[in-house]
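Structure record follows, encoded as structure tokens.
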Amino acid sequence: MDTYLSKLRGLAAAATSGLPGKVGRDYACALGNSTAHSGLWTLYDATRHSTGQAATVWVFDKRYFDQGMNRQLLDPAGRQRVLSQLTREATQLARLRHPALVQLIEPLEEGRQLLAFVTERVAASLDDLLEKRAELDALEIQEGLMQVARGLQFLHADARTVHGNLEPASVLIGARGEWKLGGLAFSDTAPEFGYAPPHTQPAMAYAAPERVEKQQQSAAGDVFALGCLAAAAHTGQSPIEAHADLAAYRRSVRQLGGSARVARLPAHLAPVVRQMLEPDPQRRLTLAQFQQSAYFDDVLAATLRYLAALLEQPAEQKAAFLRGLPRVLPKFPARALRRQVLPHLLGVLSDHALLQFSLPSVFAIVEQLTPDEVAELALPELRPVLSSQQLQPQATAAVLDALPLLQRKLPGPAFRDAVLPAAYAALLSAAPQVQDRALQQLAATAAALGAADVRDQLLPRVQHVYAKASILSLKVGALTCLRAMLPLLDKQTVTGKVMPMLRRTKTRDPAVVMAMLDMYEEAGLRLDRQAVATEILPVLWAQALDDRLRVRQFERFMEVVRKLQDRIQAEHTRHLEQIQRADEQVDRFNQLAVGSHASLDSASTAAAAADSDAFAAIVGAGSRANPPLANPLADLPPDSSASPASGWEWDAPVPAASGEAKSAAQNGSSRISVDFMSTDGHSDTAADDFGAFAAFPPPTRSSGVKPSVSNHKLGTLNVKPGAKPSANRLGATRVGSAEPMRLQFGAIAPQQRQTTGKPGLSQKHAGGKAADLGDFDPFA
């Protein structure tokens, strides 16, 4: 099913891209974004649908023949000749296989509009770089010329073929920066030079004199072209200025010996190029002599050549070479390291026996790469190594040493997924030196890890190492790592997992104790003062008194103890000061509230006295001219409805009258105190004390409601004759709490009258009889 869908997607892509045949079906390619040019070919980055393999599609558009001068310069025969040359180029690549030649993946496909074939990924051509005036370092040119020379040697010696058109457009730069040969459209052919569009005939500026003058094709002609290419790589142009002009070509050839462009070449290269540009083919250098010349007698170039053939060397020589490579790497240009050295080293990583030697060099180059380059170039090859469970201790140590570097160079998810598992696995290694190295590096990188990773992944493993370690250095290393982790742990984890682990430690070696002191110091600055006072300081005092400590170590203990004690003192002092300020504010508020209530109480008392005098004047009490009126209810017979059981119950004893209360009693009045109960069933006069007294008429028989002094339930009334108002404590009331509200008011009781001696009425309360109490509704 997947294959069927892949074919359908390929057909759809071919229809939209316009690429012919299998090239259009199997490869995704955006024809609007070309990446390079090689002669008449336009190069596009492509990806294979089925495998995701990176590739390059070479495309020639037949509409080229209809553009400008091409239409005039190329007749139908010329057009057919150009198409034959392009076809020959693709065919030669399919026939010839060598690391120095571009590798063909899909053969040529011809459509109605396009010619196309597919090769390995190509970044650019040398012609593109020269046109853009890209800076090529000397080592890159040196190694590139060596690779081109090897490719030519293969064509001459093994394929029995002459390239015939060596120029910058025929040299392709691979994905790793290597130089590869292409442009084989004129191999083994010697067409005559004439006035024609560029790239439809060999480049005269790179052609040997015998090729231009006599149409002779030979290996010596390729050596001449290689000399011109070497000069162009350094100066940007060939030493021959021809532009399809035969007269100009001959003039330039005669001046080659004193060419200024050749003179500007590096000192070791200039004499070699002059020998390669000899007009006489017999006097020119051979390819073998060129490769053995002083120009390549350089340690960096020799290093690159040995590195390219490293897999073919014996194991002992591989190890010796890789062991000394880190000393040479700083001399390499950054471009050469990235594009030439690193790919070869990554290829060696598959040999686990050499990892301890190759990894240091790989990480030295990674140091000079950007994070994007590391993720693209190095990480795919490093992942299998990092996830391997069979690494030798030396290789694991090399990975651990690079932990801070990889943390800086890789994004967070990639570092957690690819690198941290290797470090976690190292903590469980059977080699103590690996565990110790892992603890050191994880302590250095813990600050940049996420809190969840530290709590769930790192902490349990470090505690396991600490609990199982029988070597003091491992215990100290585990404590050092734990101290680096503390800022990322929450207080609950510290008090629940870290502190118990420290308390269970039985080792009292000074090295371990001092490491624990550092732990306690860090924890003491993060936990609350109660935990520090009860869990840390007692332990520190106990450990500080150990006789095995040195004076300096004891002083260190005292320094930490003083620091923590000072912190507790400062924080607790601030806490108590806040409480004291709050209490002072409450007291000031209460004083203001009591003063306002006292003024209201005085005014209410005066008003009540005035009302009492006015009432007495009306009823004639206290006046000889107006004797008191007879009680109209005095002659009523005894009635059960007038009994205390059916009305208010006045069982409270009459309090001793003194001061204001005594005066009120003499006037026949009493104070009635009403408490509104809170939900918890308790009366609290500290809630809302009004302090005002209202005058009510004397109560008569009640309506059956029977408040009780002892009944403390929500909504009941506590009537207390003669009760005095209590001090107001409003400021102590909690905001939002359900507190009782206490009402205090004054009631004018009926005057005490003379007993008539009639039965049925018993005086049970001072100031009046039960039958004299009228209906009383304090809420009316």
Side-chain angles (χ1 to χ4, degrees), residues 29-46 54-61 64 67-68 89 100 102 119-148 151 165-183 185 197-200 202-206 225-244 260-262 264-266 269 273 304 332-343 368-370 372-373 376-377:
C29 175
L31 293 181
N33 300 317
S34 62
T35 57
H37 296 83
S38 177
L40 298 178
W41 296 100
T42 302
L43 280 57
Y44 300 91
D45 287 345
T56 294
V57 175
W58 298 51
V59 178
F60 174 75
D61 194 334
Y64 165 83
Q67 298 174 357
E89 181 172 356
V102 177
T119 67
E120 61 181 317
R121 176 61 63 87
V122 173
S125 68
L126 182 58
D127 191 37
D128 292 329
L129 299 181
L130 296 180
E131 286 183 0
K132 297 176 182 178
R133 297 185 178 181
E135 294 185 4
L136 300 175
D137 58 74
L139 181 62
E140 184 177 3
I141 296 174
Q142 188 180 44
E143 184 62 18
L145 292 176
M146 174 62 74
Q147 292 168 347
V148 171
N165 188 32
L166 183 61
E167 59 163 326
S170 302
V171 177
L172 288 308
I173 312 299
R176 295 181 175 181
E178 66 276 21
W179 290 17
K180 293 176 175 286
L181 283 177
H199 306 298
T200 59
M204 184 179 289
Y206 294 86
L226 180 58
C228 294
L229 185 71
H234 282 278
T235 64
Q237 291 180 334
S238 171
I240 297 178
E241 298 181 10
H243 305 296
R261 294 177 181 174
V262 176
R264 294 202 305 268
L265 296 178
L269 180 60
V273 170
L304 288 178
F332 279 91
R335 184 184 178 95
L337 287 175
R338 182 177 64 255
R339 303 186 63 177
Q340 295 174 270
V341 179
L342 181 61
Q368 303 186 30
L369 302 180
T370 65
D372 292 339
E373 290 174 338
E376 178 184 358
L377 302 178

Looking only at heavy atoms, what is the nearest atom pair of [X] and [Y], with distance?
{"X": "S125", "Y": "I173", "value": "C-CG1, 4.3 Å"}
{"X": "P239", "Y": "A231", "value": "CD-CB, 3.7 Å"}
{"X": "A230", "Y": "L265", "value": "O-CD2, 4.4 Å"}
{"X": "A36", "Y": "A123", "value": "CB-O, 4.1 Å"}
{"X": "Y44", "Y": "C29", "value": "CB-SG, 3.3 Å"}
{"X": "L40", "Y": "P198", "value": "CD2-O, 3.8 Å"}

Hey, what do you get for [atom1] ([X]) to [atom2] ([Y]), rounding to the nearest 0.5 Å?
{"X": "Q142", "Y": "L136", "atom1": "CD", "atom2": "CG", "result": "13.5 Å"}
{"X": "L43", "Y": "S34", "atom1": "CG", "atom2": "OG", "result": "8.5 Å"}
{"X": "Q147", "Y": "L304", "atom1": "CD", "atom2": "CG", "result": "8.5 Å"}
{"X": "Y206", "Y": "C228", "atom1": "OH", "atom2": "SG", "result": "7.5 Å"}
{"X": "N33", "Y": "D45", "atom1": "CG", "atom2": "CG", "result": "9.5 Å"}
{"X": "R121", "Y": "T35", "atom1": "CZ", "atom2": "OG1", "result": "7.5 Å"}

Residues forming a side-chain contact (heavy atoms from CB on, under 4.5 Å) with D61, sequence neighbours excluded: R63, Q113, L114
Taking the side chain as every heavy atom from C-beta outward, state whether [X] and [Y] have any atom pair closer than 4.5 Å.
{"X": "L166", "Y": "V171", "value": "yes"}
{"X": "L377", "Y": "R338", "value": "yes"}
{"X": "H234", "Y": "I141", "value": "yes"}
{"X": "P168", "Y": "L229", "value": "yes"}
{"X": "L172", "Y": "W179", "value": "no"}
{"X": "L342", "Y": "L337", "value": "no"}
{"X": "Q340", "Y": "F332", "value": "no"}

Is it true that a side-chain atom of [X] and a backbone atom of [Y] form a donor plus acceptor pair closer than 3.5 Å?
{"X": "T56", "Y": "T119", "value": "no"}
{"X": "N165", "Y": "A203", "value": "yes"}
{"X": "T235", "Y": "R261", "value": "no"}
{"X": "S38", "Y": "A169", "value": "yes"}

Applying salt bridge (Lys or Arg N to Asp or Glu O under 4.0 Å), can you list everything that pairs with [X], at least two apart in sequence or on another chain?
{"X": "E376", "answer": "none"}
{"X": "R335", "answer": "E140"}
{"X": "D128", "answer": "none"}
{"X": "E131", "answer": "none"}

Residue list, ring-ring contact (aromatic ring centres under 6.0 Å, His included) with F60, at least two apart or on another chain: Y64, F65
Residues E89 and W58: side-chain donor-acceptor under 3.5 angstrom: no
